[in-house]
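Chain letters run A, B, ... following the sequence lines, proteins first, then strands; residues in each count from 1.
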Amino acid sequence: MNEHQQTLWQFMHEQSDKLFAQTLQHVGLTFISLLIAIAIGLPLGILIARKRKLSGTVLGIAGILQTVPSIALLGFMIPVLGIGAKPAIVALLIYALLPIIRNTYTGIIGIDQHVKEAARAMGMSKSQILLKVELPLAIPVILAGIRTAMVINVGVATLASFIAAGGLGEFIFGGISLNNTNMILAGAIPAALLAIILDALLSLIQKMDFKKLRKALYILPVVILILGGFYALPSAYGSTLTAGFTPEFMGRQDGDLGLKSTYGLKIHTIVISDAVMYKAAFSKELDVISGYSTDGRLKAFDLKILKDDKSIFPPYYAAPIVRDETLKQFPQLAETLNLLAGKITDLVMTDLNYRTDYLHQTPERVAKDFLISTGLYKAPKNGHNGVVRIGSKIFGEQYILAEMYSMLIRGNTDYEVSTKTGLGGTKICFDALMNDQIDFYPEYTGTGLLVLLQPDPKIAKEMAHNKDKTYDYVSAEFEKKFKIKWLKPIGFNNSYALMMRQKQSKDLNVNTITDLKNYLDKN
Amino acid sequence: MIELKEISKKFGDTLAINKASFKVEEKETLVLLGTSGCGKTTTLKMINRLIEPDAGQVFINGENITNQDPDILRTGIGYVMQNIGLFPHYNVAENIAVVPKLLKWDKEKIKVRTQELIEKLHLPENSLSMFPHELSGGQQQRVGLARALVTDPSVLLMDEPFGALDNVTRTSIQKEFKGLEELKRKTIVMVTHDVQEAFELADRICLMDKGKIIQIGTPKELLYQPINDFARKFLAGQRLFLEFKVVKMQDIWPYLPKVTLQDGKSLSADMNVWDAMELLRSSDRSELLVSGANKESKAVNFEQLTKGFNQFQNAQVHE
């Protein structure tokens with residue numbers, strides 16, 4: 001335990017620059033959106049307190065917006081607002097709106113009618129009643145709303161890293177994909193602390209008596225503005241091109257770290273989720289992205305892979321990994337899963353991905369079409385001889401593979417199948433496998449080597465560029481360490497790749513990563 | 001002077017006020033008396049336009065108030081309400097200063113006037129910086145009164161001003177209220193459901209029922225010349241007490257023993273019979289010296305007093 005804390009501390013110490021920058025961004029995002037939410041929510045709350053008929057509609061709409069899942073909301077924002085701060089702030093402010101509007105409304109309508117009548121009877125105008133009586137008396141309730149909104153925002157702001165808006169989510173989601181607990185904690189603990197501290201501060205203000213409160217209320221907007229301003233601190237990294245890398249890519253030796261050390265690539269980089277990365281590249285928000293070589297969107301968005309001329313990206317051959325115990329329990333399983341071995345090439349996989357990602361065919365249909373065309377499809381036997389649980393990571397290719405395996409098992413064995421698709425990252429998938437919550441999932445040799453085994457860098461480097469060596473090594477090590485078997489590779493190599501738009505690559509005459517570095521150095 | 005002309009008001013389908021008309025003379029206190037829901041509060045609130053009438057007009061000092069800006073109208077009318085309605089986020093001084101600040105008085109003037117009222121209304125000096133919740137109910141009502149009086153408006157509207165107070169506090173505040181010089185200069189319309197309070201404070205009483213005015217008159221007129229059964233029954237429960245309250249020494253003057261030549265401190269014949277009886281009961285004196293008109297004085301004991309009152313009563317009935 002002690003050792004563990006130490007390493008977390010070391011990690012935070014090592015990454016203190018990043019941690020500090022992310023915390024500032026996080027605070028900034030939270031407060032900019034909070035400020036705008038107050039600017040919109042407060043007048044709206046006042047309006048519906050005046051015109052009660054509107055209250056149902058306004059609160060209803062704000063309530064519905066509140067229930068939209070945050071990731072989906074961020075997704076909706078991209079076509080309209082692109083990536084980065086703008087959509088993140090808008091999404092956050094949408095979440096912050098409901099508590100602010102609702103509490104302003106309840107705060108105002110909850111004021112003693114007699115006090116309001118007295119104010120009117122003394123000849124106060126409507127605006128005087130609002131400013132001198134209603135708002136001051138509603139302030140404790142309104143502050144409670146702002147407090148709720150703020151805590152929600154600190155939480156939701158972690159998701160901002162998905163669309164390149166920064167914040168502590170970079171560490172959290174990077175850590176999840178990289179199987180790095182320290183990294184997760186380095187993001188999660190400050191985020192939690194932030195929520196607790198800010199909540200405590202506001203609760204102090206809330207408990208003040210009216211006199212002190214008046215002063216505090218003058219200071220509060222200034223503080224919010226300053227905190228919001230953190231976000232505007234310029235990230236001083238000027239380059240003509242902008243790269244968008246996934247949190248996972250950022251932390252990997254065969255990712256951003258390797259780009260820096262091996263190629264000496266210096267590029268303005270923002271962190272973004274792979275779900276939106278391709279689209280952002282297509283819509284020219286990003287110039288270089290860290291994609292996957294078999295991704296269907298490569299084809300869909302007309303992107304070009306830059307040649308890895310110093311070969312820092314190791315091969316990522318996909319193969320199902322299964323616990324030994326499971327293989328014992330389901331004797332026909334290995335044979336069945338191996339039916340797919342060597343059947344899917346890079347080109348085929350890219351095409352299959354293209355169908356789901358771009359043509360929006362269901363993974364099920366794509367899988368079935370493929371199996372039929374290769375003669376592997378058999379009608380399900382509806383067996384009752386146990387249930388095999390298939391896992392998959394949360395991207396299209398894995399969904400397709402999971403479907404194929406599910407059809408193969410149903411058609412060739414007496415086993416029933418349940419699928420747990422869309423597990424949020426390598427760590428989640430692998431933990432599920434280790435904890436006997438799934439029986440197998442398709443993993444990649446490179447990930448197995450660099451993320452799950454994390455061997456000595458020397459061994460890794462030696463190994464990394466040879467397809468067979470890597471496979472043999474991970475097979476042996478997984479068996480030894482985890483009692484997990486790598487079945488035969490499916491055939492394709494889904495490695496990391498840097499990509500640019502075809503046209504830009506042509507215009508700038510950038511075809512390899514070295515070209516890219518040279519171009520950046522010149523401009 | 002306040003005048004209501006054929007005022008009507010509907011809430012939904014119910015007629016809250018049905019063609020009510022009355023006049024309140026300058027410096028007169030008119031009490032709107034009636035049970036809950038009779039329309040008395042609604043009537044009061046139409047005088048400062050907290051409620052707008054559906055039909056009819058209200059004039060203050062000859063001016064139709066619908067032609068005035070309601071906010072300006074209200075700053076010129078004092079308003080005291082049952083629930084007091086002090087601002088919980090203002091201290092006493094700030095509560096009293098609300099209207100002066102609306103009228104943009106300078107600070108010094110507000111301070112002097114506040115000080116004056118604090119003394120007149122017997123509020124403790126240190127209460128100025130206290131918040132309403134730190135005061136007793138009686139003190140809160142005094143602050144409410146101070147707030148209504150601070151700009152010395154000529155018209156004062158009071159909606160059950162003592163309704164929220166306990167009996168003991170109410171009686172003492174009523175007394176003080178009656179004795180306040182400031183109030184004697186004002187045209188006052190007050191709402192109450194308390195018959196005793198109405199008789200205590202009113203110059204004239206306007207008895208209302210179901211949105212209609214039943215009878216307007218002095219307490220004595222209401223008591224001795226009720227216009228119908230409703231008016232008679234309304235007062236029946238407390239009749240004897242009210243009679244003692246209404247009848248003054250000068251009313252029963254002819255029925256009292258003959259003039260004495262005794263000298264000394266004499267009481268005004270303006271005093272009512274009840275108060276005189278109370279005085280006789282509570283002090284160790286057996287006789288009161290009362291000075292009537294024509295500089296005559298009479299010495300009266302309890303027996304003579306009740307006897308005189310009875311004779312007066314009989315005379316009223318036979319009239």
Item to complete: Begin from the C-alpha positions of B/V98 and A/M124 and carry the test side-chain contact (heavy atoms from CB on, under 4.5 Å) through to its verdict.
Response: CA-CA 9 Å; B/V98 169; A/M124 284 188 168; 3.6 Å; yes
Discussion item. Please evaluate residues B/F87 and A/M122 with respect to the criterion side-chain contact (heavy atoms from CB on, under 4.5 Å), reporting the C-alpha separation (whole Å), side-chain torsions for both, the decisive distance (0.1 Å), and the verdict.
Written reply: CA-CA 12 Å; B/F87 295 163; A/M122 278 186 285; 3.6 Å; yes
Discussion item. Let's test your reading of the structure: which of A/A118, A/A119, A/A121, A/S125 forms the most heavy-atom pairs below 4.5 Å with chain B?
Written reply: A/A121
Worksheet entry | Side-chain donor or acceptor of A/H114 paired with backbone N/O of B/M81 under 3.5 Å | no
Worksheet item: Using non-hydrogen atoms only, which part of A/Q128 is less than 4.5 Å away from chain B: side chain, backbone, both, or neither?
Response: side chain
Worksheet item: Under 4.5 Å, heavy atom to heavy atom, which residues of residues 37-71 of chain B contact chain A?
Response: B/K45, B/N48, B/L50, B/D71
Worksheet item: More than 12 foreign heavy atoms under 6.0 Å from NZ of B/K10: is that the case here?
Response: no
Response to the item:
Assert top hit (heavy-atom pairs under 4.5 Å, partner chain A, pool B/T75, B/N83, B/L86, B/I84) equals B/N83
Discussion item. Using heavy-atom distances under 4.5 Å, tell me whether A/K116 contacts chain B through its side chain, its backbone, both, or neither.
Written reply: neither
Worksheet item: Is it the case that more than 12 heavy atoms not belonging to B/F11 sit under 6.0 Å from its CZ atom?
Response: yes
